[in-house]
Structures are given as structure tokens and as C-alpha cells.
Amino acid sequence: MKKLLIAMLVLVMLAAGLAWTGFNRYQQFLEQPLDLPADGAVLVVEPGMSARAVVSRLEAAAYTRNDWRWRVLLRLQPVVFQAGEYRLEAGMTPPGLLHKLHSGDVIQYRFTLVEGWSLKQLVAALNADPVLTGDALPDEESAVRQLLDMEWPHAEGAFLPETYVFVRGDTRKSLLRRAHQDLLDTLMEAWQQRREDHPVQSPFDLLVLASIIEKETALEDERERISGVFVRRLERGMRLQTDPTVIYGMGDAYDGDIRRRDLQTDTPYNTYTRDGLPPSPIAMAGRASLFAAANPASGDSLYFVADGQGGHTFSATLAEHQRAVNKLIGRN
């Protein structure tokens, strides 16, 4: 009997020792960082992927061992992993990994739509992005409008230049749709805040005007002044006579130079030969240009020309304007 009691005591002590050892090993596991590279790693979790499958993927990459400790942790802390692409930083522990994958803290990418881009430039940049998915986008206006089921009359200029955040798995089409909706929202905001006696008759025409302003200057403090010139010309029935619209109307024929014959060749976009606004935007207009178009600066200037220093010289009369032109080209 005494030997039996001793044997049972020994077994209990062994069990307690094993339990203590196991507990310590488990605690160390919780606190020990994963064996990640110094610059971290990327983990992709597919939709519907189980926690065990994720751990197996980590083991295959030699970041951890898929043993009993993971099974205990996943039983004690059952979580649902959000699908996506995750950045795993050096020093991350197993509980930290579970928290990250459960919270959906996925890698975010950025795509910038640049003010003044044409539709072709926008589509080319979207198609070249290495992370966005989906079919390549068409660059013809009619095809883009059909793709997005747009009720807007033109796809040119119909997207808001901003930096858009997206995640792996997002499509080019979805980002384009977001940019279009943002444009509509911002345009309506500008339209509602427009000058009370503004000659432009619709939000679409306001966008056309904003696109011209966008192409005429990159200077923040000039946008409202240039808007004022164009608005006064519209009010007086003067032609806008702006080179960017002529260049847009030339299409692929534009070689970097605009000549007198180009100004005299009639196209729907030649504001030297036609009255009023062109039939569509000529580029993507940013928020600043939209609000400048809605709220032109007051004044009497009807002309402007480059000053040779990145800005423009504004004039109220044709004679003043001609002197500014002569100064630009070096005449006295």
C-alpha cells in the first residue's frame, strides 16, 4: 500500500511538472515574436480561409511552428479572420497576429488622379496599376459611360482628382466609379455655392468652365481671376479664345506647338471660331478649380497672357493685353 501511494505521488508530481512545463512553454509562445524577417512580411488571407489554414501558411513560410500551442490559442481565443492582404511587422506575437487578422487591418494602397489629366491619361494610369484588379478599362468615352452606366453626358472630366485609398482585390472599375461619384458630389456642392448672377446655366457647364481653368493655370491664387475673365467674356458675348480648348480639339494632331492656322481651323472645341463654352470638359478639374468656376473674382480684366515666370499678366483692354504680349516675346 505504501509503495502504491508513493507511485501515485510520483505520478501526480510528474503530471504537475509536465503541466507547469507546458504552461510555461505556452506563456513563452504567447510572448515570443513570430520568426519574421527584419523588414516584415506580407500575408494574404483568402475569403473563407480557416485559422488553421492561415497558421499552416505561416509554418510553410517558416514564421512559426504549427503545434499544440496554436491549437490551444485558437480554442481559447476563437476569432474570425477578415480576408485581405496584411503587413506583418517584426516583433509581432501570436496574439497580436490574431488581433490584426480579426480587425481587418489590411494593407492600403493609394492611387492619385491628377488635376488636368484627360480621360485617356486616367485610363492608362489605372490600367498600369499593378495592384488594382479586373479587366483593362477602355479609353473611349462611350465605352466608359456604358461600363459605369453613367447618366452624365460625357466621360471626359467626369472624375474628381484626388488620392484614393484601396485594398488588394479592388477593381479599376470600382475606383473609377468612386471618382465619378465624388466628382458629382463636389460639383453639386460648388453649384449650390455659385455666384447668384452666374451666367453658366447648369452644373455640367460649370464643370466645362472649371476644366478650362484647370488647364490654364496651376497657381492657386490665379484660378478665381482666370474664372473672372472667362465669366465676363461670357456675359459680354465675347469668345473665350483659350488655347487649351483648341489643343483638345486638335487631338492627336497636336505636336506640342499651336500655330495660327490651328487657331483658325474650326472644331467644336475651337473657342476662337465658336461662341460660348465647348461641348464637354477638356480635362479633370480639381476641387479648387470647381469652386473658382463657381465664384469668379470681380474686376475688369478681359485678357491674360503668360508672364514668363509661371503666372499670368491680366489686362482690361486689348491695348494693355498687346503690350503684355509684346513684353513676353521681348518687344519694346
Side-chain angles (χ1 to χ4, degrees), residues 47 83-84 108-192 200-215 242 244-254 266-271 274 276-287 289-291 293-294:
Q108 294 185 329
Y109 296 90
R110 287 171 172 76
F111 182 89
T112 300
L113 278 66
V114 179
E115 291 92 342
W117 265 2
S118 67
L119 177 63
K120 288 184 181 294
Q121 289 173 306
L122 168 59
V123 168
L126 284 169
N127 286 340
D129 188 275
V131 179
L132 287 167
T133 62
D135 295 335
L137 299 172
D139 61 6
E140 298 83 9
E141 274 210 78
S142 59
V144 172
R145 292 182 67 246
Q146 182 177 5
L147 179 70
L148 300 182
D149 297 321
M150 290 174 60
E151 299 179 0
W152 200 242
H154 287 273
E156 187 71 82
F159 308 94
L160 186 68
E162 288 285 354
T163 296
Y164 293 86
V165 175
F166 67 96
V167 299
R168 187 174 293 277
D170 285 352
T171 65
R172 297 173 178 86
K173 179 180 175 180
S174 66
L175 194 149
L176 199 60
R177 190 184 298 280
R178 285 169 55 196
H180 177 55
Q181 187 59 55
D182 284 357
L183 182 280
L184 295 180
D185 293 344
T186 306
L187 177 60
M188 290 309 301
E189 182 184 354
W191 176 252
Q192 292 166 2
V200 167
Q201 298 299 309
S202 70
F204 177 75
D205 285 344
L206 187 70
L207 178 61
V208 175
L209 176 58
S211 74
I212 300 173
I213 296 169
E214 191 68 66
K215 294 299 288 185
T242 171
T245 63
V246 177
I247 292 170
Y248 183 84
M250 293 171 65
D252 294 337
Y254 178 64
D266 183 55
T267 75
Y269 291 87
N270 190 335
T271 51
R274 300 203 181 193
L277 293 165
S280 78
I282 61 172
M284 294 194 302
R287 183 180 179 88
S289 291
L290 289 169
F291 281 88

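Because the structure is predicted, anything quoted here is derived from the model rather than measured. Values reported hereafter were calculated over all heavy atoms of this structure, with side chains retained and with hydrogens, waters and symmetry mates removed.
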For this session: For the pair S118 (side chain) and Q121 (backbone), establish whether a donor and an acceptor sit closer than 3.5 Å, ignoring hydrogens and angles.
Result: yes

Exercise. Does any N or O in the side chain of E156 come within less than 3.5 Å of the main-chain N or O of P281, such that one atom is a donor and the other an acceptor?
Worked result: no

Exercise. Out of curiosity, D135 CG to N127 CG, how far, rounded to the nearest 0.5 Å?
Worked result: 10.0 Å

Exercise. So, for G286 and E115, which heavy atoms are closest and what is the spacing to 0.1 Å?
Worked result: CA-CG, 3.8 Å

For this session: Enter the distance from L184:CG to M150:CE here, rounded to the nearest 0.5 Å.
Result: 7.5 Å

Problem set entry | Heavy-atom side-chain contact between N270 and T267 under 4.5 Å | yes

Problem set entry | Partner residues of S289 under the side-chain hydrogen bond (donor to acceptor under 3.5 Å, both in side chains) criterion, sequence neighbours left out | E214, R223

Seminar exercise, completed: Rounded to the nearest 0.5 angstrom, the CD1-CG distance for I212 and L277 is 5.5 Å

Problem set entry | Between NE2 on residue H180 and CG on residue D149, distance to nearest 0.5 Å | 10.5 Å

For this session: State, with a plain yes or no, whether a side-chain heavy atom of L290 is found less than 4.5 Å away from one of L187.
Result: yes

Seminar exercise, completed: P279 and P268 have their tightest heavy-atom pair at CD-O, 3.2 Å

For this session: Work out which heavy atom in A283 is nearest to a heavy atom in G116; give both atom names and the distance.
Result: CB-O, 3.5 Å

For this session: Report yes if the side chains of V144 and L137 come closer than 4.5 Å at any heavy-atom pair, otherwise no.
Result: no

For this session: Would you please test V131 and F166 for side chain to side chain contact (heavy atoms under 4.5 Å, CB included) and show each step?
Result: CA-CA 9 Å; V131 179; F166 67 96; 3.7 Å; yes

For this session: Look at the side chain of R172 and the backbone N and O of G134, then say whether any donor-acceptor pair between them is shorter than 3.5 Å.
Result: yes

Problem set entry | CD-CZ distance between E162 and R110, expressed to the nearest 0.5 angstrom | 13.0 Å

For this session: Go through the structure and list residues passing side-chain hydrogen bond (donor to acceptor under 3.5 Å, both in side chains) with R168, not counting sequence neighbours.
Result: E85, Y109

For this session: State, yes or no, whether a side-chain contact exists between P278 and V208 at a heavy-atom distance under 4.5 Å.
Result: yes

Exercise. With no hydrogens and no angle check, is any side-chain donor or acceptor of D170 less than 3.5 Å from a backbone partner on V167?
Worked result: yes

Exercise. How close do E141 and A155 get, heavy atom to heavy atom, and via which atoms?
Worked result: OE1-N, 2.6 Å

Exercise. Side chains of F291 and T186: closer than 4.5 Å at any heavy-atom pair?
Worked result: yes

Problem set entry | Residue among D182, L176, L175 satisfying side chain to side chain contact (heavy atoms under 4.5 Å, CB included) with F159 | L176

Problem set entry | Minimum heavy-atom distance between V200 and L206, given as atom pair plus value | CG1-N, 3.3 Å

Exercise. Taking only residues two or more places apart in sequence, or in another chain, which ones meet E189 in a side-chain hydrogen bond (donor to acceptor under 3.5 Å, both in side chains)?
Worked result: R287

Problem set entry | Set of ring-ring contact (aromatic ring centres under 6.0 Å, His included) partners for Y269, sequence neighbours left out | Y248

For this session: Name the orientation class of the two ring planes belonging to H154 and F204 (parallel below 30°, tilted from 30 to 60°, perpendicular beyond 60°).
Result: parallel

For this session: Give, for atom OH of Y164 and atom CG of L113, the distance between the pair rounded to the nearest 0.5 Å.
Result: 5.5 Å

Exercise. Which residues pass the side-chain hydrogen bond (donor to acceptor under 3.5 Å, both in side chains) test with R274, sequence neighbours left out?
Worked result: D266

Exercise. Just wondering, more than 12 heavy atoms not from D185 lying within 6.0 Å of its CG?
Worked result: yes

For this session: Specify the closest pair of heavy atoms between P138 and L147, including all atoms of both residues, with the distance to one decimal.
Result: CD-CD2, 4.2 Å

For this session: Could you pull out all residues at least two apart from T133 that satisfy side chain to side chain contact (heavy atoms under 4.5 Å, CB included)?
Result: T171

